[in-house]
Amino acid sequence: MQAYDYICSYVDDITVIAFDPEYHMQQLLTRYKMKGVGELSHQLGARFRRGIRPSDPEKDVYVIDMQSYITEVLRKIEEHHGTLRLHKTPLPPGDHPEEVAEDPLDHIERRHYQQLIGMAN
């Protein structure tokens, strides 16, 4: 059987996805002090859980749940901009925004806009 092993890192978080992840973790533990070693449950705001592959119930897979990340992003947005209202479209029908020559945002507003874009990526 051909298999691929992935070792992913982000700042101080390491995720090992492999046929035998314990082997890689043991190798890492011989060189580095680590805490929270165990089965993947949360990473970068996402929640992970084991699930069953519908096309092959004999094989299990990881399922990624972004609900906690989305909830936190919405909380931060509402903290700065107030309660969000539900709309079917982002702009009213017939609205035609025009290009503005000057920068419509001051320094603080620009920073909030950049944070919103950063959370969406």
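Owing to the predicted nature of the structure, the values given are computational and were not obtained by experimental measurement.
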Enquirer: Look at Arg75 together with Glu72 and state whether they make a salt bridge at an N to O cut-off of under 4.0 Å.
Expert: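 Yes.
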Enquirer: Among residues two or more places apart or on two chains, list those pairs meeting salt bridge (Lys or Arg N to Asp or Glu O under 4.0 Å) that have a residue in residues 14-39.
Expert: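 Only Glu39-Arg50 qualify under salt bridge (Lys or Arg N to Asp or Glu O under 4.0 Å).
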Enquirer: Rounded to the nearest 0.5 Å, what's the gap from CE on Met34 to CD1 on Ile14? Could you check?
Expert: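 Interatomic distance, Met34 CE to Ile14 CD1, rounded to 0.5 Å: 5.0 Å.
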Enquirer: Tell me whether the count of non-hydrogen atoms from other residues, nucleotides or ligands lying under 6.0 Å of CD1 in Ile108 goes above 12.
Expert: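 No, because the 6.0 Å sphere around CD1 of Ile108 holds 12 heavy atoms or fewer from other groups.
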Enquirer: Group every Ile, Leu, Val, Met, Phe, Trp and Tyr by side-chain heavy-atom contacts under 4.5 Å, then state whether Tyr32 and Leu29 land in the same group.
Expert: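 Tyr32 clusters together with Leu29.
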Enquirer: When rounded to the nearest 0.5 angstrom, what is the spacing between CG in Leu28 and OG in Ser9?
Expert: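 Those atoms lie 10.0 Å apart.
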Enquirer: Kindly compute the distance separating NE2 (His107) from NE2 (His112), expressed to the nearest 0.5 Å.
Expert: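 It is 10.0 Å, given to the nearest 0.5 Å.
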Enquirer: Output the distance between atom CZ (Phe48) and atom CD (Gln43), rounded to the nearest 0.5 Å.
Expert: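 Reported value, rounded in 0.5 Å steps: 6.5 Å.
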Enquirer: Rounded to the nearest 0.5 Å, how far apart are NE2 of His24 and CD1 of Ile7?
Expert: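 Rounded to the nearest 0.5 Å, the NE2-CD1 separation comes out at 5.5 Å.
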Enquirer: Could you state the interatomic distance from OG (Ser41) to CZ (Arg49), rounded to the nearest 0.5 Å?
Expert: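 Atom-to-atom, Ser41:OG and Arg49:CZ are 13.0 Å apart.
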Enquirer: Is the side chain of Ser68 donor-acceptor paired with the backbone N or O of Gly45 at a distance under 3.5 Å, no angle test?
Expert: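 Yes.
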Enquirer: Ignoring hydrogens and angles, state whether a donor on the side chain of Gln26 or Thr30 is under 3.5 Å from an acceptor on the partner side chain.
Expert: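 Looking only at side-chain atoms, Thr30 and Gln26 do not form any donor-acceptor pair under 3.5 Å.
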Enquirer: Find out whether Ile64 and Met66 are in side-chain contact, i.e. whether some heavy atom of one side chain is under 4.5 Å from a heavy atom of the other.
Expert: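 Yes, at least one pair of side-chain atoms sits under 4.5 Å.
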Enquirer: Taking side chain as C-beta onward, heavy atoms only, is Leu40 less than 4.5 Å from Thr15?
Expert: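 A side-chain contact exists here, since the closest heavy-atom pair is under 4.5 Å.
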Enquirer: For Arg111, I'd like to know if atom CZ has over 12 heavy atoms of other residues, nucleotides or ligands within 6.0 Å.
Expert: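 No, not enclosed.
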Enquirer: Flag yes if more than 12 heavy atoms outside Glu102 fall under 6.0 Å of its CD atom; otherwise flag no.
Expert: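 Yes, enclosed.
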Enquirer: For a quick test of reading the model, state the closest non-hydrogen atom pair linking Val63 to Gly51 and the distance between them.
Expert: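 Nearest pair, atom of Val63 first, then Gly51: CG2-CA, 4.0 Å.
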Enquirer: If Ile, Leu, Val, Met, Phe, Trp and Tyr residues are connected whenever their side-chain heavy atoms lie under 4.5 Å apart, and connections chain through other members, are Tyr69 and Leu74 in the same group?
Expert: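 Same cluster.
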Enquirer: Within a strict 4.5 Å, meaning less than it, do heavy atoms of the Tyr6 and Val16 side chains meet?
Expert: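 Answer no - side chains too far apart.
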Enquirer: Do you know the tightest heavy-atom contact between Pro21 and Ala18?
Expert: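 Closest approach of Pro21 to Ala18, heavy atoms only: CD-O, 3.2 Å.
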